[in-house]
Amino acid sequence: MTAPDAPPHVAVRRVSKRYGPLTVLDRVDLTVDRGELVTLLGPSGCGKTTLLRLVAGLATPEEGTIAIAGRDVTRVPPHRRNVGVVFQSYALFPHLTVAGNVAFGLSVRGRRRDEIDRAVARTLSLVRLEHLGARRVSALSGGQQQRVALARALAVEPEVLLFDEALSALDRNLREEMQVELRRLLREIGATAIFVTHDQDEALTMSDRIAVMNGGRIEQLADPKTLYERPATLFTLGFVGQSTRLRGTVAAAGDGMVAVDTPVGRVAAMGQFLAGSSVVVATRPEHLRVVADTVGHEGSDRARNSVDGRIRAVIFQGSRSRIEVAAGDQVLLAEAPGRIASALNPGDAARLVWPVAETFAYPDPEARA
Amino acid sequence: MTARLAIGFAWLAALAAVLFLAVPLLTVVAASVSPTPVFDLPLEGASLRWYARIGRLDGFWPALSLSLQIALLSTAIALVIGTLAAIAIVRGRLPGAETLATALVSPLMMPGLVLGIALLQYFRAVGFTATWSALLLAHLVVTLPYVARTMIAGLALFDFTLVEAARTLGCTYAGAILRVMVPALAPSFLTAGLFSFLASFDNYPVSIFLTDVRTKTLPIKMLQYIEEAPDPTLAALSTLILAATVILLVASDRLIGLHRMAGTSE
Amino acid sequence: MTATELPAPSPVVSPAPDRERWLAIGFAGPATLVLVVLFALPLALLFTASVAGPAGLTLSEYEKLATPHYLGVIWNSLRLALLTTGIAFLIGYPASFALARARGVLRSVMLAALFLPLAASVIVKAFAWTILLRSDGLVNTVLIALGIVDEPIRMIFTETALIVGAVNIFLPFMILPIYAVVAQLDHRLVEAAATLGASPVVAFVRVVMPLTLPGIIAGVALVFSLSVSAYVVPTLLIGERYPTLSTTIAKAFLLARQPGFGAAAGVVLLAITLTAVALSARLGRSGGSR
């Protein structure tokens, strides 16, 4: 990454896009620094692909500006933007060979034959396909096609690389392999990249920063760790990772903390609300510790929340197990390492204990005051 | 047991069908080298003299030339306007796209003879008497459905992301169409062109009502020869037409594969 | 830690004039023009001509067609089409299955055997049958050599000749649509039926037949509408003895100069083929929606 005062490499300012009556993007701001990999993460229809297409020039915004490397490209057609796009379907040209596909952008730019050949050879070796240049693209496996698509986009040495669900067509193992390899490669060449995906694991693995999108807006833009540990909105919390949630009413507030009356008793959480507000308190399952012994009352205090219940299910998931605990009519999710979970049985009484510092309150979206 | 019997029966039917279909074609070839004027079969000796006489058939060259002109031109025009229409139907926000798609292939369902008499009366009614142009326009109606059907099917399978990919790689919109869409659709163009050329070149029931004494297409001339004075010269001519068809088919097969054509041609 | 306060969505701005729509209309324009000017209008005129008399609308041309002679002519056309379609189906349906099973060179040879006759001129093929079916032609020679008949039998200009020729010419149109469906038939469905306890016959009748029905309907409709309006085949293989709607229409325009009557016969022929097409489309839809 460059010095903090360097101008952003890609700058999207207050961009809106509408299709007829449908507003797909609503005054979105996004900046990507030189050499940074930013992921647009969100459910289908959230506008992430549209935002990518606007940066590529395949669509034009109704309002706002887009700048790449300091140049305003809002009205510049795609062929004069110098971007590299890897499409979900790869969009490899079926009538050309692997080398022909990789050479396409350079040949359109009118480069000399020998220069093109050198660039093709270099790029193909970068994606480790140097031996397949003469192959027809239809004769390649999915993973190989993905690499050709990447090589084709890299060959023109674009200002910014754009990936539209580029790995989603691969099967799970190959996808995880490609995530790691792609990240290493992009780091190596110092590429600026925007990556669209609906897969949270992919986003967490690959990105310097993640923009969680919902309903044509960016809900939160942060590095993966912050996004996971301090989700700014209930949507982000729900879309990235698992959570245990309780609906309730704020009984007391102060010091950036609230005490919330929930169906399972009083729970303390971080947040600023007025007393009487409807909120949802939430925490990550890994923070909930299961205490099988309910004898001896620890109770909630300013540092810990505590809820008594009964174990409903223990679901083995490899290195960890997921534990569902029923308390009243609520079900709370907890996680525990295998050796602890193996001592737990459905039907057992259990106490859940978790730190207040990892409990957050959000406005209840369903409560309309 | 039952299944194997059924499969055996299927192969028998296929063998019979292939032989049955081949018989008239082989007959024509055999008859074309007949030593006598009365199609003596089986052959005793062979002669190529009938081939030499093709060119001397009354009115043969003008008929061949006319048929080629009409077939090539109507195919070319149909390819252009049919492809444009197919793009609009598959891709564009065209009101009534499905209706137009049905309408474009509907002349295929219609007896050629009915189209022929309808155009005959129509051209008479509007006072259009230029035979050559009338033939060309009529054959445009004959060829357009073949192009529309093949191109709509081809474009429906075409991934328009390819055009976008080419644009992001530096092509203008028109450049992307020319460098990516046209070559990627080459099989469809070839199939469409082949079908519509053959449909026009072989057409009898539409042309018969639009020709005059001096302007006759090859099929009309051939039927006239057969009815007037059938001799092995016609078999020789038929053999040459067959040979040309074989060359066209083999070339297409090399380029795109017949099984793909079987798939797209209803 | 509260969610950022989001401003309400901005009011919808009406989009700029839809350029794409106008582009699409421009693209579809030339073909639509051809269709209207050279297809729809001529057909409308044909229909008008069939009911136009010297004193306004008349059905007199259609009344002529309702006489026993011309009803016989219409029946001739239908009979030709029904026989041709039926025989072509009996050969073509099983043949399609063999074709779908064929692989490699065998498949190429069989496809070529289908495509070449399809591409070959109808006149060339009809001409070949006139040679084959002559009294001193190959068919008679073979029949005599095999001792099936003692002296040459008359075949050309008989209904047998007509049907043989018509089946020969239209058979590929039966096989190809059925083949296209059979080739895509998922063989696992038959296996699934077998695991569910269906015998091969039951599996065929309950699974394979319904799945190939769209191909059957397409092939039958195609061969029927082609053979009911065939012109070259009856002209060369049976001639005056077997007048059909097609030959009658041609005669009305080319020899007898009775355009009104010809137009009426044309409308009847068109109605027959359109009925077949509409029926098949309807059957195909109800078959597909199951």
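Residue numbers start from 1 in every chain, and the chains themselves are labelled A, B, ... in the order their sequence lines are given, proteins ahead of strands. As the structure is a computational prediction, the values presented were derived from the model and not from experiment.
Taking 4.5 Å as the heavy-atom cut-off, the residues of residues 89-96 of chain C that approach chain B are C/Ile91, C/Pro94, C/Ala95, ordered by number.
Heavy-atom distances place no part of B/Phe201 under 4.5 Å from chain C, backbone and side chain included. Within the 4.5 angstrom heavy-atom criterion, no atom of B/Pro145 approaches chain C. Contacts between B/Leu234 and chain C at a heavy-atom distance below 4.5 Å involve backbone atoms as well as side-chain atoms. Of the atoms belonging to C/Ile178, not a single heavy atom falls under 4.5 Å from chain B. Only the side chain of C/Leu236 comes within contact range of chain B, judged by heavy atoms closer than 4.5 Å. Both the backbone and the side chain of B/Leu137 come within contact range of chain C, with heavy atoms under 4.5 Å apart. For B/Ala125, the part sitting under 4.5 Å from any heavy atom of chain C is the side chain, from C-beta outward, and nothing else. With a threshold of 4.5 angstrom between heavy atoms, B/Ala22 does not approach chain C through any atom at all.
Closest approach of C/Gly266 and B/Ile117 over heavy atoms only: CA-CD1, 4.1 Å. Nearest heavy atom pair, residue B/Leu115 against residue C/Leu38, reads CD1-O, 4.3 Å. Counting all heavy atoms, side chain and backbone alike, C/Phe127 lies closest to B/Ser238 at CD2-OG, 4.1 Å. Considering every non-hydrogen atom in both B/Leu198 and C/Ala119, the closest pair reads CD1-CB, 3.6 Å. Here the closest non-hydrogen pair linking C/Ala113 and B/Leu21 is O-CD1, 3.9 Å. The shortest non-hydrogen separation linking B/Thr245 to C/Ala120 is CG2-N, 4.4 Å.
Comparing C/Ile169, C/Val124, C/Ile249 by heavy-atom pairs within less than 4.5 Å of chain B, the highest count is held by C/Val124.
Distance OG1/B/Thr27 to CG/C/Leu132: 3.5 Å, rounded to 0.5 Å. Going from atom CZ of C/Phe115 over to atom CG of B/Leu248 covers 13.0 Å, rounded to the nearest 0.5 Å.
For residues 24-50 of chain C, no residue pair satisfies the ring pair (Phe, Tyr, Trp, His ring centres under 6.0 Å) rule, not counting sequence neighbours.
For the pair C/Phe253 and B/Ile208, the minimum side-chain heavy-atom distance is 4.5 Å or more. C/Arg101 places a side-chain heavy atom less than 4.5 Å from the side chain of B/Ile7. Counting heavy atoms from C-beta on, the side chains of B/Phe20 and C/Val164 come closer than 4.5 Å. Counting heavy atoms from C-beta outward, B/Val114 and C/Leu43 have side chains that approach closer than 4.5 Å.
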Legend entry - Test side chain to side chain contact (heavy atoms under 4.5 Å, CB included) applied to C/Ser229 and B/Leu113, step by step: CA-CA 7 Å; C/Ser229 56; B/Leu113 212 69; 5.8 Å; no
Take C/Thr235 and B/Glu227, measure what side chain to side chain contact (heavy atoms under 4.5 Å, CB included) needs, and give me the verdict at the end.
CA-CA 9 Å; C/Thr235 304; B/Glu227 288 185 313; 3.4 Å; yes
_Test side chain to side chain contact (heavy atoms under 4.5 Å, CB included) applied to C/Leu274 and B/Met110, step by step_ = CA-CA 8 Å; C/Leu274 287 186; B/Met110 133 119 19; 5.8 Å; no
C/Trp129 and B/Val23: CA distance, side-chain angles, deciding distance, side chain to side chain contact (heavy atoms under 4.5 Å, CB included) verdict:
CA-CA 9 Å; C/Trp129 284 107; B/Val23 161; 4.3 Å; yes
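The aromatic rings of C/Tyr231 and B/Tyr204 sit parallel, their planes meeting at an angle under 30°, below the 60° perpendicular limit.
Judged by distance alone, the side chain of B/Asp202 and the main-chain N or O of C/Val122 form a donor-acceptor pair under 3.5 Å.
The number of heavy atoms from other shown groups lying within 6.0 Å of CZ (B/Phe9) does not exceed 12.
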